[in-house]
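Along the sequence shown, the residues carry numbers beginning at 1.
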Amino acid sequence: MPIQPESIDVRAPTVNATAEKQLAVSRSFMTRVMAMKDSKGRPLLKQRVTLVGHSLGGFIAQVLAAEQAVPAVTFNAPGAANYSPKLRSNQIRNVSRKNDVVGTLGKHIGTSVWVADLKFNPENDLVNPAGYLIINHNIAELIKDLRRWER
């Protein structure tokens with residue numbers, strides 16, 4: 001049976017060199033975005049910037065949003081709170097499946113919203129060795145469920 005979010009070991013997940021490089025590139029891009037000016041030469045307002053990311057992109061969005069004090073929404077992203085314990089923000093919302101193999105890793109920066117898991121279809125679905133239903137990480141399936149909430 002998969003691990004429930006309440007019982008997850010919240011030690012910081014290991015961030016490999018590739019993720020560190022992507023974070024560095026994203027920081028550089030974010031610095032350029034925040035230095036932009038509008039057509040009248042006025043600085044870009046932070047409240048007009050919202051970061052969005054899925055999986056590793058959501059991890060990066062958490063880190064950058066906390067560093068830059070801008071809002072963010074993440075989907076099935078690993079938590080970034082332990083990556084840099086000084087980072088805090090109440091402008092970040094993290095949306096994950098209850099048993100997503102990635103979204104349940106670590107402690108999120110901001111608020112976490114847990115979405116019900118998909119139903120297992122033994123004919124088509126894969127389960128990883130830890131018992132996680134792989135399709136729970138699929139962003140397209142998560143978007144379908146979130147659209148149902150709108151109604």
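The hydrophobic clustering, which links ILVMFWY residues whose side-chain heavy atoms are closer than 4.5 Å, places V63 and V25 apart.
Between the CG atom in L23 and the CG atom in L64 there is a gap of 6.0 Å [rounded to 0.5 Å]. With rounding to the nearest 0.5 angstrom, the CG atom of L105 is 9.5 Å from the OG atom of S55. For the atom pair Y83 OH and E20 CD, the distance stands at 3.5 Å (nearest 0.5 Å). For the atom pair CG of L51 and CD of Q91, the computed distance is 10.0 Å after rounding to the nearest 0.5 Å. Expressed to the nearest 0.5 Å, how far CG of N138 lies from CZ of R97 amounts to 8.5 Å.
A side-chain donor-acceptor contact under 3.5 Å links H108 to the backbone of A77. A donor-acceptor pair is defined here as one N or O able to donate and one able to accept, closer than 3.5 Å; such a pair exists between the side chain of Q62 and the backbone of P78. Using a distance-only test at 3.5 Å, with no hydrogens or angles considered, no donor-acceptor pair links the side chain of R93 to the main chain of N90.
Taking every heavy atom of both residues into account, G110 and N94 meet most closely at C-ND2, 4.2 Å. For the residue pair G58 and T74, the shortest heavy atom distance occurs at O-CG2, 3.3 Å. Taking all atoms of both residues into account, the shortest heavy-atom contact from A61 to G53 is CB-N, 4.3 Å.
Residues passing the side chain to side chain donor-acceptor pair (under 3.5 Å) test with H54, sequence neighbours excluded: none. Applying the side chain to side chain contact (heavy atoms under 4.5 Å, CB included) criterion to A66, with sequence neighbours excluded, gives L87, S89, I92, I109. With sequence neighbours left out, R27 forms a salt bridge (Lys or Arg N to Asp or Glu O under 4.0 Å) with E67. For the side chain to side chain donor-acceptor pair (under 3.5 Å) test, no residue two or more places apart in sequence or in another chain qualifies with N76. R32 meets the salt bridge (Lys or Arg N to Asp or Glu O under 4.0 Å) test with no other residue; sequence neighbours excluded.
With contacts defined as side-chain heavy-atom distances shorter than 4.5 Å, the pair V101/I134 does not qualify. Looking only at side-chain heavy atoms (C-beta outward), V115 and L146 come within less than 4.5 Å of each other. Annotation: side chain of F75 is in contact with side chain of V52 (closest heavy-atom distance under 4.5 Å).
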Open item on the list: With side-chain contact (heavy atoms from CB on, under 4.5 Å) as the criterion, how do T104 and S96 come out once you've worked through the C-alpha distance, each side chain's angles and the decisive distance to 0.1 Å?
Closed with: CA-CA 7 Å; T104 55; S96 295; 5.7 Å; no
TODO: Check the pair R48, V70 against side-chain contact (heavy atoms from CB on, under 4.5 Å), reporting the backbone distance first and the verdict last.
DONE: CA-CA 8 Å; R48 300 210 35 149; V70 298; over 6 Å; no
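The list of salt bridge (charged side-chain N to carboxylate O under 4.0 Å, His left out) pairs with a residue in residues 34-43, not counting sequence neighbours, reads D38-R42.
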